[in-house]
Amino acid sequence: MLALVRLRRGVVGESRRVCHLIPVPEAPVPEHLTALCGEPIFPADAEVLDGLRGMPCHQCLLRSAPSGPGLLANAG
């Protein structure tokens, strides 16, 4: 399962508060989570979003897209 998270206000500047996709571990929650783009995210610094909000992380989007002929993962 994937969770949609972004860093809390004040942790980073507004331009870096993009929405990341993070694989959710079964248990226990590790010291840091790794977004699909490779960004380490510390749970205390992040907020879990209950829906689509804000600017998405482009690398997380690309890495979450299914691959195959004519699909987004093959763009550019």
Side-chain angles (χ1 to χ4, degrees):
M1 181 171 94
L2 292 173
L4 187 62
V5 302
R6 71 176 164 200
L7 293 173
R8 293 184 187 283
R9 193 171 264 121
V11 173
V12 294
E14 284 298 310
S15 65
R16 293 212 38 231
R17 290 188 69 224
V18 297
C19 301
H20 291 281
L21 288 166
I22 295 183
V24 177
E26 291 292 323
V29 175
E31 181 180 314
H32 79 274
L33 302 162
T34 303
L36 294 182
C37 66
E39 172 122 8
I41 308 249
F42 293 90
D45 293 342
E47 59 184 352
V48 177
L49 303 174
D50 60 2
L52 297 173
R53 306 200 161 112
M55 178 64 73
C57 168
H58 295 164
Q59 289 301 315
C60 282
L61 278 180
L62 286 173
R63 292 199 171 116
S64 69
S67 60
L71 297 175
L72 179 64
N74 296 320

Transitive ILVMFWY cluster of L4, excluding itself - 4.5 Å side-chain cut-off: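 L2, L21, L36, L49, L52, which link up through side-chain heavy atoms under 4.5 Å apart, make up the rest of the cluster.
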Rest of the hydrophobic cluster containing V24 (Ile/Leu/Val/Met/Phe/Trp/Tyr, side-chain heavy atoms under 4.5 Å)?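 Under the 4.5 Å side-chain rule, V24 groups with M1.
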May I ask you to test the R17-M55 pair for a side-chain heavy-atom distance under 4.5 Å? no
Would you mind reporting whether V5 and P43 have side-chain heavy atoms less than 4.5 Å apart?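 No - every pair of side-chain heavy atoms lies 4.5 Å or more apart.
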With a 4.0 Å cut-off on N to O distance, would you call R53 and E47 a salt bridge?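 No, this pair does not count.
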Within a radius of less than 6.0 Å around CD of E14, do more than 12 heavy atoms belonging to other residues, nucleotides or ligands occur?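 Atom CD in E14 is crowded, with more than 12 foreign heavy atoms closer than 6.0 Å.
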Can you tell me if R8 has over 12 outside heavy atoms packed within less than 6.0 Å of its CZ?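 Yes, because the 6.0 Å sphere around CZ of R8 holds more than 12 heavy atoms from other groups.
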Do you know which two heavy atoms are closest between [X] and [Y], and how far apart they sit?
{"X": "L7", "Y": "E39", "value": "CD1-OE2, 4.4 Å"}
{"X": "H20", "Y": "C60", "value": "ND1-SG, 3.6 Å"}
{"X": "F42", "Y": "E31", "value": "CD2-O, 3.4 Å"}
{"X": "I41", "Y": "A46", "value": "CG2-CB, 3.6 Å"}

Those residues that, when tested against R63, pass side chain to side chain donor-acceptor pair (under 3.5 Å) (two or more places apart):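 In terms of side chain to side chain donor-acceptor pair (under 3.5 Å), with neighbours along the sequence ignored, R63 is linked to no residue.
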Report yes or no: do V11 and V18 belong to one cluster of Ile/Leu/Val/Met/Phe/Trp/Tyr joined by side chain heavy-atom distances under 4.5 Å?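 In one cluster: no.
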